[in-house]
Amino acid sequence: SLYLGANVGMSRFETLSSSSEKTHASTVNIGAVMGYRIFAPISVEIGADIFTHFLLHSELRSQIPLGQKYMTLSLSAGAARFLTQPTQNLGYAGTNTIAQGTMVYGPGLGIEIPLLGLNIRAEARYYTGSTSVFLGTYGIVYSL
């Protein structure tokens with residue numbers, strides 16, 4: 001019922017520039033996730049994503065049966081909170097900041113492929129609120 005995962009990918013996010021205009025930036029994202037299957041199609045997850053910002057997220061994930069022997073499709077709904085900004089995206093024209101504590105909410109879509117005791121997961125999540133962030137990731141998930 002318990003599983004752990006790690007992923008890499010890209011993030012595209014919206015920030016405020018020095019002139020208080022909303023601008024966009026992209027950077028590499030690394031992350032980790034821990035989940036618990038409540039019952040067969042439903043699980044809850046908590047995780048962290050690190051790009052120029054540190055983002056904690058929680059998700060409610062529902063699996064859609066599509067020949068689960070070879071592939072599983074899942075939909076999720078979640079919330080995330082920006083905790084801090086560990087680094088800057090050099091070469092970016094804005095101030096590159098999102099206020100600490102900003103909450104965002106949104107949907108996600110994932111595909112998992114079982115492979116030798118691990119699951120390969122590709123996922124897209126979009127959070128929006130006073131700012132927005134799109135995360136496209138791929139990685140591995142291991143059931144304990």
Side-chain angles (χ1 to χ4, degrees), residues 1-17 22-144:
S1 294
L2 187 64
Y3 57 93
L4 301 173
N7 59 56
V8 298
M10 291 296 293
S11 61
R12 176 91 172 145
F13 52 97
E14 183 179 76
T15 64
L16 288 177
S17 71
K22 288 190 175 187
T23 57
H24 295 86
S26 297
T27 189
V28 173
N29 172 68
I30 59 172
V33 66
M34 181 173 65
Y36 180 76
R37 284 185 183 82
I38 300 171
F39 51 91
I42 304 292
S43 61
V44 293
E45 294 181 355
I46 58 172
D49 293 292
I50 302 170
F51 44 105
T52 55
H53 293 77
F54 182 65
L55 181 73
L56 287 182
H57 65 89
S58 61
E59 306 283 329
L60 180 62
R61 182 173 301 280
S62 176
Q63 293 182 343
I64 299 169
L66 284 176
Q68 294 179 348
K69 184 176 181 180
Y70 302 109
M71 180 177 66
T72 302
L73 180 67
S74 62
L75 296 174
S76 64
R81 184 176 192 155
F82 288 91
L83 292 186
T84 187
Q85 180 182 350
T87 185
Q88 289 187 354
N89 190 357
L90 299 177
Y92 173 67
T95 58
N96 201 26
T97 59
I98 297 171
Q100 184 175 338
T102 299
M103 292 288 296
V104 288
Y105 310 90
L109 176 67
I111 296 173
E112 288 190 29
I113 301 169
L115 181 66
L116 301 174
L118 294 173
N119 285 353
I120 306 297
R121 180 189 282 186
E123 183 176 41
R125 287 179 280 139
Y126 179 73
Y127 298 111
T128 189
S130 59
T131 189
S132 67
V133 63
F134 176 79
L135 300 162
T137 63
Y138 58 94
I140 58 171
V141 175
Y142 178 71
S143 294
L144 300 175

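If you're wondering where the values come from, they're calculated on a predicted model, not measured in any experiment. All residue numbers refer to positions in the sequence shown, counting from 1.
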Candidates Gln63, Arg61, Glu59 - the one meeting side-chain hydrogen bond (donor to acceptor under 3.5 Å, both in side chains) with Ser74: Arg61

Quick one: does Ser11's side chain have a donor or acceptor within less than 3.5 Å of a partner on Thr27's backbone? yes

Rounded to the nearest 0.5 angstrom, the CD1-CD1 distance for Ile30 and Ile50 is 5.0 Å

Expected output: side-chain Asp49 to main-chain Gly31 donor-acceptor under 3.5 Å: no

For the pair Ile111 and Leu73, evaluate side chain to side chain contact (heavy atoms under 4.5 Å, CB included) and give the outcome as yes or no after the intermediate values. CA-CA 5 Å; Ile111 296 173; Leu73 180 67; 3.8 Å; yes

For Thr131, side chain to side chain donor-acceptor pair (under 3.5 Å) partners two or more places apart: none

So, are Glu45 and Arg125 salt-bridged, with charged N and O less than 4.0 Å apart? no

Over 60° means perpendicular and under 30° means parallel, so tell me whether His53 and Phe13 are parallel, tilted or perpendicular. perpendicular

Quick one: side chain to side chain donor-acceptor pair (under 3.5 Å) partners of Asn119, sequence neighbours excluded? Glu112

Say you draw a straight line from OG1 of Thr52 to CG of Asn29; how long is it, rounded to the nearest 0.5 Å? 9.5 Å

Taking side-chain contact (heavy atoms from CB on, under 4.5 Å) as the test, write out the residues that go with Tyr105, two or more places apart. Ala79, Met103

How many angstroms lie between atom CG of Leu55 and atom CZ of Phe82, to the nearest 0.5 angstrom? 5.0 Å

With side chain to side chain contact (heavy atoms under 4.5 Å, CB included) as the test, would you mind laying out the steps for Leu109 and Leu75 before giving the verdict? CA-CA 5 Å; Leu109 176 67; Leu75 296 174; 3.5 Å; yes

Interatomic distance, OG@Ser43 vs CD1@Ile38, rounded to 0.5 Å, equals 7.0 Å

Tabulate below the donor-acceptor pairs under 3.5 Å that side-chain atoms of residues 134-142 make, not counting sequence neighbours, or state none.
none

So, do Gln85 and Ile98 sit near enough that their side-chain heavy atoms are less than 4.5 Å apart? no

Measure the CD1-CE distance between Ile46 and Met34 for me, rounded to the nearest 0.5 Å. 4.0 Å

Whether the side chain of Glu14 engages the backbone of His24 through a donor-acceptor N/O pair (distance < 3.5 Å, no angle test) should be reported. no

Qualifying residues under ring-ring contact (aromatic ring centres under 6.0 Å, His included), relative to Tyr127, sequence neighbours excluded: none

For Ser130 and Thr102, work out which heavy atoms get closest and say how close. OG-CG2, 3.3 Å

Does Arg37 have any side chain to side chain donor-acceptor pair (under 3.5 Å) partners at least two apart in sequence or in another chain, and if so, which? none

Please assess Val28 against Val8 for the test side chain to side chain contact (heavy atoms under 4.5 Å, CB included), listing each intermediate value before the final yes or no. CA-CA 7 Å; Val28 173; Val8 298; 5.7 Å; no

Inspect the surroundings of CE in Met10 and state if more than 12 heavy atoms from other residues, nucleotides or ligands are less than 6.0 Å away. yes

